[in-house]
Structures are given as C-alpha cells and as structure tokens.
Amino acid sequence: MNKATSVRSQKNVTDLLDVARIRADFPILARHINGKPLVYLDNAASSQMPQPVIDRLVRYQTQEHANIHRAVHTLSEHATAEFEEARRKAQRFINAKDEHEIIFTSGTTESINLVMHGYGRAFIKAGDEVIVTGLEHHSNIVPWQMLCQEKGAKLRVAPINDAGEILLDEYQKLFNDRTKFVALSHVSNALGTVNPVSEMIATAHQWDVPVLLDGAQAAPHLRLDVQALDCDFYAFSGHKICGPTGIGVLYGKRALLEKMQPFKGGGDMILSVTFEKTIYNTIPYKFEAGTPPIAAAIGMGSAMDYLNGIGLERIGAHETDLLNYATQQVGAIKGVRIIGTARHKAAVLSFLVEGVHPHDVGTILNEDGIAIRTGHHCAQPVMQRFGVPATARASFAFYNTLEEVDVLTEGIRKVQRMFG
Ligand code: C6P
C-alpha cells in the first residue's frame, strides 16, 4: 500500500468525494506533459474547466449567441434571459439578498477597481485613511494606493505574524475617525491563510467603515454567504471557480451601489442621454457599460451549478485533506521550508527548497508534468515580510488526489538530488 492510499483509507476521503469520477469530467487532466501524466497544482492561478461548462459554452456559441438587453428578436431575448439567470446563480452562490447587487465584471481585479473608482473617488478625501493588510494581492493594494495618491489619503497596513496571520490587535489599533474604508483578502493567494473576516468586518462596522473582501481565493473553496459575513463588497473571478476567463463578480450592498458613481461610461449603463446630461441606469446595469462577456457569464453560471452539484462543503473537506497531507509530506523533507503556517489555511502550500531558486524548482517539476507556480504570486509585500524574493506554490483543487501529492513530494526530492 503506498503512502497516499494509507492516508486515504484512514481518512475515508473517498466517502467524501468520488475524485476519479470527478476527474473524468475534466478533459485536460488526462493530458500528458513532457511524457508524464499532468499533475495540475496551479489552481490558485486558474482552475480547470469541466466538460459540462465547456458544453454550455459550445451550446451558447453554436445555438444561442446574440447581444443582450437590446433587441426583441428571439435570440436576443433568450441570451438576455440566460445572462440574467447567470446573475441569479451568482446571487445564490454567495447568498446575496438581491440579484441587483450582483455586477458582472471581467474579474476580481476589475471588481476592486470598480469599487475604488465608484466608491473611493466619490467618498474618500484628503486626510482620510484606507486600511489594507500585509497579506494582499497587488490587485487589492495598487488601486487603493492610486486612490490615496490622487486624494491625499493615507494607506495603512495591518501587519502579519511569522505564520502569515493578520495581527488582529494591530488591525484594531489602526482605526480612528479618519478611517474610511477597509479592503481585505478573505483567503491569501500567496500563503493560503483564511482570515477571520467576520471579526474584522465587525470591527470596521463599529467605526461605520465599509469593508471590501477580495474573495478570489475563497470562492473556489468555501461556501460563501455575504449576508452572514455582512461584508459591504465581495469580489471574485470566474476562472478560479472552474469557469471561463474574462468574467467575475462584484457584490455590493444595494444602498452603497446606489450612491456610487459609474466606473465606465457607454451603452447599457444609461437611461437617457442628451449632450447636456446623462441619466444613469439603475443597478447593476449602471456598472455594466458596453456589451458584457455574455458567454463567459453564462459559462460561469454553469460552473457554479457544477460546484454546487458536488457541494462546497465536500470540496472544502477534500481540499483540507490534500493540504494536510501535503503539509505533512512536503514539510517532512529535510531542507524544505513551508512559508505560511497559519492555523486556518485553504488549498495553498508555499515552500522553499534550500539552495534552489523557486524557478528552478518549478522548471524541474515541470519536466515531470507537475504544474506549480513560482515567483512572488503578485503579492510582493508578503515576500518582503518573509525576506524571500519568491516561493514555489502548490495549490489544490477538489479534483487533485493524494497520489498527486506523492508525485509532488517525490519531485521535490528529485530537485534536491539534482542540486546535490
Ligand atoms: N491570483 C494567483 O496565481 P484576477 O486576475 O482579476 O482574476 O484575480 C486577481 C486576484 C486578486 N486577488 C487574489 C487574492 C488573487 O489570488 C488574484 C489572482 C492569481 O495567485 C494570479 S496572480
């Protein structure tokens, strides 16, 4: 019996998820890379797409495509209905109160930029303060830095400890009368830390400060409930939840969205236009200028159906098993250091192999068909905090197996052998 099988029988993972059946839904997982079976462990960058989602996209493109919200012909009315149904799927996926609180964007990055422009530029002024944390992806730093530069506001950063957890005391101490916004990751992409966001939101709300959650790395792994979280904004991407690229969601509380400025001007975001004055459309259309990514939105809705069909709880449980097993196996290799050891983590294992640059680790693993990400993971401040330029990062999805963790572990040993 190999190591993975013994762990699996101990943990009864197969009772939770029929991974073999699930893998059969993902054509790309049958590929060989460099003559070896693909071991895809770069899911935090982008997850793979199952056949039902691919089929949905093909059906849309071959049978249903037309522009939406514009014409009375059958195809346009049908495409409009499917697009709006995708909005309701997104609403249910995160348990938003109202479908009008769901804005389709091109992804997490655009969602955050929309809030920066629509809310930040309208309501944050010189001397105000915006809080982020030391765990953020550049997408949740740079827009707020740009805003602060433009307005003469101040960016304040909640620090993290050596495990990669936000120091809650320090976070709380940052609040004062000048604090006007908090932007915070739900799950860190570089380390996998799951942040105590409910507690952090409650603190911000005591000061009457709205909170945006960057959910890019939470949406694939956790059952989301924006009403229970009571966040003011929530952002995530379709391509990390087995959907297409070029689509994402911004959730915002109705009252906030209604008082925000549009992000982009153009068709569909207006009720009327004259050369003197434009009256903007109602939410969410006010924020969806131009022809949206219709196929991608419908495809993302189908991906949400697929994940719901398996169950986010079962997905999360299997990924926890994978992460625990990987942490144990990779962590046991002499000369390997795990970066990010928070008590509460999701699906991400960042590590360093002593004496080997992470890019070399990634290149050698790729020779054996193992896909991981190496670099700063668009989170340079996290790297700076740990005093490293880069890490190697394995990130898991529900279709990964314990046997694949063994292949990774053996791959890392091979890297060490090659570097003596
Ligand atoms: N992180 C990763 O490999 P977009 O590119 O807009 O879909 O998502 C941006 C983004 C924002 N926040 C977090 C926490 C993220 O992880 C990401 C994307 C990928 O970690 C690509 S850099």
Side-chain angles (χ1 to χ4, degrees), residues 40-49 90 94 103-117 132-146 158 160 164 166 182-195 197 200 211-222 224 231 233-251 263 293 296-297 299-300 303 319 323 339-340 342 344-351 358-359 362 371-383 385 390-397:
Y40 188 75
L41 300 177
D42 195 17
N43 296 286
S46 205
S47 54
Q48 300 297 347
M49 195 184 278
I94 60 170
I103 299 159
F104 285 128
T105 64
S106 66
T108 306
T109 304
E110 192 181 58
S111 296
I112 296 171
N113 276 276
L114 191 159
V115 177
M116 184 280 261
H117 282 270
V132 297
T133 83
L135 276 180
E136 301 311 311
H137 185 279
H138 298 162
S139 291
N140 207 23
I141 300 173
V142 183
W144 304 112
Q145 214 163 37
M146 292 162 87
I160 58 174
I166 296 166
V182 172
L184 135 83
S185 51
H186 195 170
V187 175
S188 149
N189 72 314
L191 306 181
T193 312
V194 181
N195 291 318
V197 289
M200 296 176 77
V211 179
L212 174 142
L213 289 187
D214 170 352
Q217 299 296 344
H221 311 296
L222 308 177
L224 297 176
C231 57
F233 299 100
Y234 200 94
F236 63 98
S237 301
H239 68 98
K240 295 191 202 284
I241 58 164
C242 301
T245 53
I247 185 73
V249 167
L250 172 67
Y251 157 81
F263 177 32
M300 181 171 67
E319 290 167 347
L323 180 64
I339 306 287
H344 198 184
K345 280 182 65 172
V348 168
L349 187 71
S350 252
F351 60 93
H359 288 307
I372 63 161
R373 182 171 173 188
T374 60
H376 54 62
H377 315 296
C378 301
Q380 284 184 348
V382 176
M383 302 297 119
R385 170 64 180 75
T391 71
R393 183 190 70 179
S395 54
F396 303 100

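Start at 1 with the first residue, then count along the sequence. Just so you know, ligand 1 is whichever comes first in the structure, and atom 1 is the first atom listed for that ligand. Here the structure is a predicted model, which means the values were calculated and not measured.
T105 places no side-chain N or O within donor-acceptor distance of the main-chain N or O of E110, the cut-off being under 3.5 Å. Without hydrogens or angle criteria, N195 side chain to I166 main chain gives no donor-acceptor distance under 3.5 Å. Side-chain atoms of S237 do not come within 3.5 Å of backbone N or O of H239 as any donor-acceptor pair.
Under a 4.0 Å heavy-atom criterion, D214 is in contact with ligand 1. Residue contact annotation: S185 has no non-hydrogen atom under 4.0 Å from ligand 1. Ligand 1 lies within reach of H239, whose nearest heavy atom is under 4.0 Å from it.
Taking the side chain to side chain contact (heavy atoms under 4.5 Å, CB included) definition, one finds that S47 meets it with N43, C242, Y399, sequence neighbours left out. For A218, the side chain to side chain contact (heavy atoms under 4.5 Å, CB included) partners at least two apart in sequence or on another chain are H186, V187, L222, L224, Y234.
With a 4.0 Å heavy-atom cut-off, ligand 1 is reached by the backbone of A45 and by its side chain too. When heavy-atom distances to ligand 1 are checked against a 4.0 Å cut-off, R393 comes that close only through its side chain, counted from C-beta outward.
Protein heavy atom in closest approach to atom 16 (O) of ligand 1: Q217 NE2, 2.7 Å. Protein heavy atom at the shortest distance from atom 1 (N) of ligand 1 is K240 NZ, 3.0 Å. Of all protein heavy atoms, the one closest to atom 9 (C) of ligand 1 is T109 OG1, 3.5 Å.
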Intermediate values then yes/no, side chain to side chain contact (heavy atoms under 4.5 Å, CB included), K345 and L191: CA-CA 8 Å; K345 280 182 65 172; L191 306 181; 5.8 Å; no
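Listed by number with element, the atoms of ligand 1 under 4.0 Å from a non-hydrogen atom of S237 are 4 (P), 6 (O), 7 (O), 8 (O). Every atom of ligand 1 is numbered from 1 in the order shown, and the set under 4.0 Å from a heavy atom of C378 is 22 (S).
Scanning H138, E136, H137, R373 for the heavy atom closest to atom 17 (C) of ligand 1 points to H137.
Nearest heavy-atom pair across G215 and F236 is O-CB, 3.8 Å.
At most 12 heavy atoms of other shown residues, nucleotides or ligands fall within 6.0 angstrom of atom CE in M146.
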